[in-house]
S.K.: 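Please read through the structure below; I'll follow up with questions.
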Amino acid sequence: IGQVQVFYTEQRPQEQEGPFLKEERLLINSIADILSNSAERKKAEGALRDQAETFEAIIENTSDSVLLISPDFKLLRFNKTAEERLLQRGGEKIFIGADFRKFLYPDAKEIFHIMFNDSLRGKFCDREIQAKSIDGTSFWIRAKTSPVYDRDNKLLGVTLLSENIDSQKKAQIALVQSEEKFRSLVEQSLVGVYIMQEEKFVYVNP
């Protein structure tokens, strides 16, 4: 990345290395090593800063709620989606240092505590949860919790990712209910009903 150069400004007698002493060569090499390490560290810090900014942009622009919660339930970080969703459904504004248990949906408290404690023990959890907002509207979310460690492998807390699956889940439930109604109607019909595929019976009613 460059050079360290040292000059005398006057004629000097020849020593071990031109006019320089062996000890001076060691000093110059030490200075070069210090500058090299400093430059590498700054380069690494710049790369880490770029990665952090990219990661921050991804987190802030995702449609999922992302929260980092300390082992004692204090909010350490969260993105805009989490802030807006909890305000809309829970009616309260979250903030750094707040006790996250205050913002839990009543129907999700028990499941959250189970997932949170499991993740504190190193487990990755994934659950579909039905909850209610402050206006009584029912909705579905997919919650994932995972442990977060620092470079020394010390537990920092738990990450909670919450995905809105309300429309998919309600469509799935409606489909199941529709199938159950159709099956019930066919099962109780006085008319014989059967389905064949490739000349084989795959369904017959009583």
Side-chain angles (χ1 to χ4, degrees), residues 45-184:
E45 287 172 354
L48 283 173
R49 189 165 52 249
D50 291 343
Q51 288 178 2
E53 289 173 357
T54 302
F55 182 72
E56 187 76 20
I58 293 170
I59 293 297
E60 284 300 325
N61 290 288
T62 183
S63 59
D64 295 346
S65 297
V66 183
L67 305 103
L68 177 59
I69 307 164
S70 71
D72 59 349
F73 299 101
K74 295 294 187 296
L75 276 172
L76 302 176
R77 292 289 301 275
F78 53 82
N79 66 350
K80 286 186 208 172
T81 305
E83 183 179 15
E84 292 169 357
R85 197 167 285 169
L86 285 168
L87 178 62
Q88 178 186 2
R89 291 176 173 168
E92 290 190 67
K93 189 175 179 65
I94 59 176
F95 55 92
I96 299 296
D99 189 327
F100 181 65
R101 290 171 294 188
K102 289 174 54 181
F103 305 97
L104 282 171
Y105 306 122
D107 300 335
K109 285 183 178 180
E110 185 178 350
I111 296 176
F112 169 77
H113 279 93
I114 292 171
M115 295 174 66
F116 188 83
N117 289 327
D118 282 346
S119 289
L120 287 179
R121 292 191 289 269
K123 293 182 180 180
F124 294 80
C125 303
D126 186 341
R127 290 291 235 352
E128 291 183 351
I129 302 171
Q130 185 177 26
K132 286 184 180 179
S133 58
I134 52 172
D135 62 1
T137 306
S138 178
F139 61 91
W140 284 88
I141 57 172
R142 183 176 186 180
K144 299 178 183 178
T145 58
S146 57
V148 179
Y149 303 94
D150 64 12
R151 291 182 180 179
D152 298 322
N153 208 34
K154 180 182 176 183
L155 182 68
L156 291 176
V158 171
T159 297
L160 170 63
L161 273 69
S162 175
E163 177 188 359
N164 183 0
I165 59 168
D166 194 51
S167 56
Q168 305 97 297
K169 193 67 180 177
K170 286 179 177 176
Q172 181 184 350
I173 292 171
L175 178 61
V176 171
Q177 290 174 343
S178 176
E179 288 176 348
E180 287 176 350
K181 287 178 182 177
F182 177 77
R183 179 174 291 273
S184 176

S.K.: Distance check, rounded to the nearest 0.5 Å: Q172 atom CD versus E128 atom CD?
M.R.: 6.5 Å

S.K.: Of the non-hydrogen atoms in F103 and A98, which two are nearest, and what is the gap between them?
M.R.: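 Between these two residues, the closest heavy atoms are CE1-CB, 3.6 Å.
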
S.K.: Determine, using ring centers only, whether F73 and F116 are less than 6.0 Å apart.
M.R.: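 Between F116 and F73, the centre distance is under 6.0 Å.
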
S.K.: Check whether D118 reaches the backbone of K123 with its side chain - one donor and one acceptor, N or O, closer than 3.5 Å.
M.R.: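 Pair absent, no side-chain N/O of D118 close to backbone of K123.
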
S.K.: Please round to the nearest 0.5 Å and tell me the distance separating atom CG of L86 and atom OG of S65.
M.R.: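 The distance works out to 6.0 Å.
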
S.K.: Between F78 and I96, is a side-chain contact (heavy atoms from CB on, under 4.5 Å) present by the stated rule, with each step listed?
M.R.: CA-CA 8 Å; F78 53 82; I96 299 296; 3.6 Å; yes

S.K.: Output the distance between atom OG (S119) and atom NZ (K144), rounded to the nearest 0.5 Å.
M.R.: 12.5 Å

S.K.: Once you round to the nearest 0.5 Å, how far does CG of N61 lie from CG of N79?
M.R.: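 The distance works out to 9.5 Å.
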
S.K.: Which atom names give the shortest non-hydrogen contact between T81 and T62, and what distance separates them?
M.R.: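 So the minimum-distance heavy-atom pair works out to OG1-O, 2.8 Å.
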
S.K.: Identify which one of I141, I134, D135, T137 satisfies the side-chain contact (heavy atoms from CB on, under 4.5 Å) criterion when paired with R89.
M.R.: I141

S.K.: Throw together a table of side-chain donor-acceptor distances under 3.5 angstrom for residues 147-157, partners on residues two or more places apart or in other chains.
M.R.:
| from | atom 1 | to | atom 2 | distance (Å) |
| --- | --- | --- | --- | --- |
| D150 | OD1 | D152 | N | 2.9 |
| D150 | OD1 | N153 | N | 3.1 |
| D150 | OD1 | K154 | N | 2.7 |

S.K.: The test is side-chain contact (heavy atoms from CB on, under 4.5 Å); show your working for L160 and F112 and say whether it passes.
M.R.: CA-CA 10 Å; L160 170 63; F112 169 77; 4.1 Å; yes

S.K.: So, Q88 and S133: side-chain donor and acceptor under 3.5 Å apart, yes or no?
M.R.: no

S.K.: Return yes if some donor-acceptor pair links the side-chain N/O of S184 with the main-chain N/O of E180 below 3.5 Å, else return no.
M.R.: no

S.K.: Taking all atoms of both residues into account, what is the closest heavy-atom pair of A108 and I129, and its distance?
M.R.: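 Smallest interatomic distance, heavy atoms only, reads CB-CG2, 3.8 Å.
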
S.K.: With a 6.0 Å cut-off (strictly less than), is the heavy-atom count around NZ of K93, excluding the residue itself, greater than 12?
M.R.: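 Incorrect, the count does not exceed 12.
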
S.K.: Could you tell me whether the side chain of L75 reaches within less than 4.5 Å of the side chain of I69, counting heavy atoms only?
M.R.: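 Touching, per the 4.5 Å side-chain cut-off.
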
S.K.: So, taking the atom named CG in D107 and the one named CD in Q130, what distance separates them when rounded to the nearest 0.5 Å?
M.R.: 7.5 Å

S.K.: With distance as the sole test, does S162 use its side chain to make a donor-acceptor pair with the main-chain N or O of A82 at under 3.5 Å?
M.R.: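 Flag not set: sc S162 to bb A82 has no pair under 3.5 Å.
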
S.K.: Determine whether a donor-acceptor pair (N or O, by modelled atom type, separation under 3.5 Å) exists between the side chain of D64 and the backbone of L161.
M.R.: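 Not confirmed, D64 side chain does not pair with L161 backbone.
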
S.K.: Around atom CD of E110, are there more than 12 heavy atoms of other residues, nucleotides or ligands at under 6.0 Å?
M.R.: no

S.K.: Mind checking the CZ-CD spacing from R49 to E45? Nearest 0.5 Å is all I need.
M.R.: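 That separation rounds to 7.0 Å.
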
S.K.: Other residues, nucleotides and ligands only: do more than 12 of their heavy atoms fall within 6.0 Å of NZ on K170?
M.R.: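 Counting other residues, nucleotides and ligands, NZ of K170 exceeds 12 neighbours.
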
S.K.: Hey, mind stepping through I114 and I111 against side-chain contact (heavy atoms from CB on, under 4.5 Å) and telling me if it holds?
M.R.: CA-CA 5 Å; I114 292 171; I111 296 176; 5.7 Å; no

S.K.: Heavy-atom count around R101 CZ within 6.0 Å, excluding the residue itself: above 12?
M.R.: yes

S.K.: Does V158 form a side-chain contact (heavy atoms from CB on, under 4.5 Å) with M115? I'd like the steps, not just the answer.
M.R.: CA-CA 10 Å; V158 171; M115 295 174 66; over 6 Å; no

